[in-house]
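Written out below as structure tokens is the structure these notes cover.
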Amino acid sequence: MFTSKEKKINTADIVAGLSIAGLVLPQAVAYAGIAGLPPQAGIIGLLVGMLCYGLLGSSPYAIVSPTSSAALVLSVAGISVANHGVSASIMVLAVVFMSGVLFLIAAAAKLGSITDFIAKPVLRGFTFGLSIIIVVKPLASMVDVPVSGQNIFYGLYVVFSYIKIWNWVGLGVGMAALFLLFVCSKIKYVPGGLLVIALGILFSHFIDLSQYHVAAIGAIPLHLTMPFMHQFIPDDWGYLFETSLAVVLVLYSESFGSIRSLALKHNDTTSPDWDLTALGISNILSGLFGGMPVGAGYSGSVANEASGAKTRMAGLFSVVVILIIVLVFLPLIAQTPEPVLLAIVIHSVSHVLTLKVFKPYFFWKKDRFLIVFSAGVVLLIGIADGLLVAVGISLIILLKRLSETNISILGRLGQSHNFVQLKSDSNVEQVENFMILRPEQALFFANCDKILTQVRKNMMDNKENVHHVVISLEESPDIDSSTMECFADFFQFIMQQKKQLTLARLKDTVYASLQLISPPEAEKYIHLSRLSVDDAVGTESLLHQNQSERNISDEK
């Protein structure tokens, strides 16, 4: 759906579209090489991704195209499928298709904000490690000693052990192209990628680089294949799912990092779940027609915004420009020296490869180990496994912090209606005969037993002086079945001790759940309340006063 603003083609969108076409087309061809796919896979993924997101996406700046991170995940997949009895290209395209399906499932499940559960130090560490791999592997290819295996440190050792047979001409061509790319990046509206490709083709006409073992990317037979689905054995499906999940996590993190940062910069509103749908459709179509996985890459999206794009029409205009270039100049592009494309890959991630990403965490003295570990694990065990380990660490940290138990003992602040921690102010006094507690975490299966055990201990330590216990559950928006079982046992304990218990500040869902487990005979001791702590204390005090008066009357 286009807004009225987006239906208008303005000069800024046209200029941005030209600039972006010059950046993303060479990148797509280069990323296809990294993934072990023919160049046309990158071009098909590029055209499908930009067209689908241009029509369906929500961000005016995001450019959905093949990304270096997903290409590296696929390069691992392409190597690993050798023992599966299926050609690597078929397996990789199946991964692209399944990645699109997983995106659509995530959209249907409204998981647009799931990346919020992955700690930012983990994502930044992973991105830094990934950037090192993206730089090291092309550099190694330039000297004709490719890095093999998952451990990048061992790969570097192998590369430098063969330094005597390095292809210095290939390295020189790549470094010259990289230098020009950095120069062009300082000049606005100059398509550095297309410029270095043109110069590389021109240079190869004057000097026969093949005699120095510097190859060109070769013919690009661009044609669409009819969609088909290969029949996989059960063991293949498990591997497909594992690899597709890694691709989705990489694309998801990179895409929504780009979209969210640009939206915050321009105070725009985006729709994460709708963007998931756009990414899902893009990858399904790309996989069906033999293309690469696509996502909202950081370099392309930021370059689009920096080029002055105002709407998604800039991306759609880029599609037109890319189609013209491909149809007219495809034979010339095939003559591009491989080191030039490798230089484009290195330049695309150079802005991420900076130690400044570690500085805040060392300055704050928080999560230093986490960011370093996330970067190191990617370099040691590879991208796919490294990402899964990094995400696993994020979830472990989340569960650890949620399962921590911290209960505050509250008292009344002076003569006010406010209840705060007893030790927070000298004017805070404990209400006579009351113990007022507040768990500082939401209760769930991992911490409910610990918290209620701590409440029991506090009650038993003050058994003679406490007749009323008030627990404020304002931090718990909902409770699970394990927590309900814990409360059922706790209610029995309260009745055995013949104490009064009030659960205050209950959300509607929590109130309804606790009503289900509160036995009829507990009505005398247990009170469920949506009221504030102050109201709960006042109500309990009044009930206690009335009960005392009835007891005195009965004695008379």
Side-chain angles (χ1 to χ4, degrees), residues 110 398-399 401-413 416-422 424 428-460 462 466-547:
K110 306 294 183 182
L398 174 63
L399 290 175
R401 291 179 177 173
L402 288 175
S403 63
E404 291 174 352
T405 56
N406 181 24
I407 300 179
S408 297
I409 301 176
L410 308 181
R412 188 186 295 276
L413 179 61
S416 70
H417 298 285
N418 299 321
F419 283 79
V420 297
Q421 291 188 33
L422 278 176
S424 63
V428 179
E429 295 183 356
Q430 188 168 0
V431 180
E432 186 179 2
N433 296 325
F434 277 83
M435 175 178 287
I436 307 170
L437 306 170
R438 181 181 64 208
E440 299 298 340
Q441 296 84 23
L443 272 66
F444 73 118
F445 62 88
N447 64 9
C448 58
D449 189 57
K450 294 179 183 178
I451 288 176
L452 293 180
T453 298
Q454 192 171 340
V455 172
R456 286 187 180 95
K457 183 179 182 303
N458 288 340
M459 289 177 60
M460 299 308 293
N462 299 274
V466 174
H467 302 293
H468 301 266
V469 177
V470 178
I471 303 177
S472 176
L473 295 181
E474 59 194 82
E475 300 294 336
S476 299
D478 199 358
I479 56 175
D480 52 42
S481 59
S482 297
T483 306
M484 292 172 68
E485 291 183 20
C486 290
F487 269 109
D489 293 338
F490 185 65
F491 289 168
Q492 295 298 324
F493 169 78
I494 290 295
M495 290 188 291
Q496 290 172 4
Q497 296 297 316
K498 297 184 178 180
K499 302 290 186 181
Q500 297 292 316
L501 170 68
T502 299
L503 299 178
R505 301 292 299 275
L506 296 180
K507 305 295 190 294
D508 289 342
T509 53
V510 178
Y511 184 89
S513 297
L514 291 176
Q515 276 190 320
L516 295 175
I517 61 171
S518 181
E521 63 271 19
E523 185 177 353
K524 179 179 178 182
Y525 301 99
I526 298 169
H527 312 285
L528 307 179
S529 174
R530 299 182 180 88
L531 302 176
S532 66
V533 171
D534 180 59
D535 291 332
V537 170
T539 302
E540 287 299 318
S541 298
L542 182 60
L543 289 173
H544 178 68
Q545 181 181 348
N546 292 339
Q547 183 63 44

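If you're wondering where the values come from, they're calculated on a predicted model, not measured in any experiment. By convention here, the first residue in the shown sequence is residue 1.
- Within 6.0 Å of CD on E523 lie no more than 12 heavy atoms contributed by other residues, nucleotides or ligands.
- Looking only at atom types and distance, the side chain of H527 has a donor-acceptor partner in the side chain of Q500 under 3.5 Å away.
- Below 30°, between 30° and 60°, or above 60°: for F493 and F490 the angle between ring planes is below 30°, a parallel geometry.
- Checked against side-chain contact (heavy atoms from CB on, under 4.5 Å), S472 has the following partners two or more places apart in sequence or in another chain: R438, E474, R505, V533.
- With rounding to the nearest 0.5 Å, the separation of CE in M459 from CD in Q454 is 13.5 Å.
- Put simply, the side chain of S408 never gets that close to the backbone of L410: no donor and acceptor are under 3.5 Å apart.
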Inset, instruction - Start with the C-alpha gap between I436 and I409, add the side-chain angles, then the distance that decides, and say whether side-chain contact (heavy atoms from CB on, under 4.5 Å) holds. - result: CA-CA 6 Å; I436 307 170; I409 301 176; over 6 Å; no

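- Going from atom OG of S476 over to atom NZ of K507 covers 7.5 Å, rounded to the nearest 0.5 Å.
- Among residues two or more places apart in sequence or in another chain, the side-chain contact (heavy atoms from CB on, under 4.5 Å) test is passed with N447 by T405, Q441, L443, F444, I451.
- At distances below 3.5 Å, not a single donor-acceptor pair connects side-chain atoms of R456 with backbone N or O atoms of M460.
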Enumerate donor-acceptor pairs with a distance under 3.5 Å from any side-chain N or O in residues 509-520 to protein atoms, sequence neighbours excluded.
unit_1, atom_1, unit_2, atom_2, d
T509, OG1, P477, O, 2.7
Y511, OH, Q515, NE2, 3.4
S513, OG, T509, O, 3.0

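- Side-chain contact between T502 and F434 is absent, with no heavy-atom pair separated by less than 4.5 Å.
- Separating the CG atom in L531 from the CG atom in L506 is a distance of 9.5 Å, to the nearest 0.5 Å.
- The CE atom of M435 sits 9.5 Å away from atom NZ of K499, with the distance rounded to the nearest 0.5 Å.
- Take R530 and apply the side chain to side chain donor-acceptor pair (under 3.5 Å) test, not counting sequence neighbours, and it matches D508.
- Residues E429 and L422 share a closest heavy-atom pair of C-CD2, 3.9 Å.
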Legend entry - Trace of the side-chain contact (heavy atoms from CB on, under 4.5 Å) decision for V455 with T453: CA-CA 5 Å; V455 172; T453 298; over 6 Å; no

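- The CG atom of D489 sits 12.5 Å away from atom CE of M484, with the distance rounded to the nearest 0.5 Å.
- Listed by chain and residue number, nothing satisfies the side-chain contact (heavy atoms from CB on, under 4.5 Å) test with E485 (two or more places apart in sequence, or in another chain).
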Inset, instruction - Mind running side-chain contact (heavy atoms from CB on, under 4.5 Å) on V431 and F419 for me, showing each step along the way? - result: CA-CA 10 Å; V431 180; F419 283 79; 3.8 Å; yes

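- Distance NZ/K450 to CG/L452: 13.0 Å, rounded to 0.5 Å.
- When the side chain to side chain donor-acceptor pair (under 3.5 Å) test is applied to K457, the partners found at least two apart in sequence or on another chain are D461.
- Without hydrogens or angle criteria, N406 side chain to E440 main chain gives no donor-acceptor distance under 3.5 Å.
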